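Heads up: the structure comes next, in structure tokens.
Computed from a prediction, not measured in an experiment: that's the story for all the values here.
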Amino acid sequence: MLALADAHPRLLRFCGSVQSPDELFFQTLVMHTRFASRVLPNNFRYIQWPEGGACHPTVLDEDDLAHIQASGAHFCRKLDSRASAALLPRLLAWKEGRAGWSA
């Protein structure tokens with residue numbers, strides 16, 4: 001990865017100018033390797049975008065639990081310690097209940 005990063009200085013410069021370089025740096029490098037064909041076309045994140053093309057995802061709360069569970073996602077975005085306070089313990093309980101599950 002370091003050799004690939006060194007070989008693409010434009011990527012390093014670009015990442016220095018964006019707000020969240022950690023969300024694209026390694027992903028971009030991986031997609032320029034022989035492993036690109038092994039990357040799944042799903043990020044396994046449950047994200048709820050407001051209607052109307054908002055810039056930020058909706059903060060999830062307890063009412064979203066059923067949608068999160070049905071989504072098959074491994075992660076969810078966007079949680080807030082206050083607004084998602086009732087959701088967080090339910091997510092943890094769901095996770096602990098699935099710990100012994102196997103396919």
Side-chain angles (χ1 to χ4, degrees):
M1 293 304 273
L2 292 175
L4 194 55
D6 288 342
H8 293 87
R10 290 181 58 205
L11 176 61
L12 292 174
R13 283 194 304 276
F14 175 75
C15 286
S17 68
V18 297
Q19 187 174 9
S20 301
D22 58 317
E23 293 184 6
L24 63 93
F25 181 73
F26 287 104
Q27 296 87 332
T28 302
L29 289 179
V30 168
M31 294 308 289
H32 286 85
T33 69
R34 62 189 165 114
F35 301 106
S37 63
R38 298 178 67 186
V39 175
L40 298 175
N42 184 340
N43 64 18
F44 296 100
R45 290 187 182 98
Y46 178 80
I47 303 173
Q48 193 174 72
W49 291 96
E51 292 183 26
C55 295
H56 302 285
T58 302
V59 174
L60 303 173
D61 61 27
E62 189 174 20
D63 294 336
D64 298 306
L65 181 63
H67 295 289
I68 295 167
Q69 290 172 322
S71 73
H74 297 207
F75 309 95
C76 53
R77 178 180 178 204
K78 176 175 191 176
L79 301 175
D80 176 83
S81 60
R82 288 189 183 134
S84 308
L87 174 61
L88 293 170
R90 295 192 65 194
L91 286 172
L92 289 172
W94 180 48
K95 175 189 166 217
E96 288 169 5
R98 292 171 45 104
W101 181 83
S102 63

Name each donor-acceptor pair under 3.5 Å that joins a side chain in residues 17-30 to protein atoms two or more places apart or in another chain, with its distance.
unit_1: Ser17; atom_1: OG; unit_2: Phe14; atom_2: O; d: 2.7
unit_1: Gln27; atom_1: NE2; unit_2: Glu23; atom_2: O; d: 3.3
unit_1: Thr28; atom_1: OG1; unit_2: Leu24; atom_2: O; d: 2.6

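- Nearest approach of His56 to Trp49, heavy atoms of both residues: C-CZ3, 3.4 Å.
- Here the closest heavy-atom approach between residue Met31 and residue Val39 is recorded as SD-CG2, 3.7 Å.
- Summarising the local packing, CG of Leu92 is surrounded by more than 12 heavy atoms from other residues, nucleotides or ligands at distances under 6.0 Å.
- Leu40 forms part of a hydrophobic cluster together with Phe44, judged by ILVMFWY side-chain heavy-atom separations under 4.5 Å.
- Residues Val59 and Leu87 do not share a hydrophobic cluster, defined by chaining ILVMFWY side chains whose heavy atoms lie under 4.5 Å apart.
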Report, one line per pair, each donor and acceptor closer than 3.5 Å where one atom sits in a side chain of residues 71-81; sequence neighbours left out.
unit_1: Ser71; atom_1: OG; unit_2: Ile68; atom_2: O; d: 2.7
unit_1: Ser71; atom_1: OG; unit_2: Ala73; atom_2: N; d: 3.0
unit_1: Asp80; atom_1: OD2; unit_2: Arg82; atom_2: N; d: 2.9
unit_1: Asp80; atom_1: OD2; unit_2: Ala83; atom_2: N; d: 2.9

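- Residue pairs meeting the salt bridge (Lys or Arg N to Asp or Glu O under 4.0 Å) criterion with at least one partner in residues 52-76, sequence neighbours excluded, are Glu62-Arg90.
- Residues in residues 32-52 take part in no salt bridge (Lys or Arg N to Asp or Glu O under 4.0 Å) pair, two or more places apart or across chains.
- Under the side-chain contact (heavy atoms from CB on, under 4.5 Å) criterion, Arg10 pairs with Arg13, sequence neighbours left out.
- Considering CG of Leu11 and CG of Asp6, their distance stands at 11.0 Å, rounded to 0.5 Å.
- If you chain together hydrophobic residues whose side chains sit under 4.5 Å apart, Ile47 and Leu91 never meet in one group.
- Residues satisfying the side-chain contact (heavy atoms from CB on, under 4.5 Å) test with Pro50, not counting sequence neighbours, are Ala54, Thr58.
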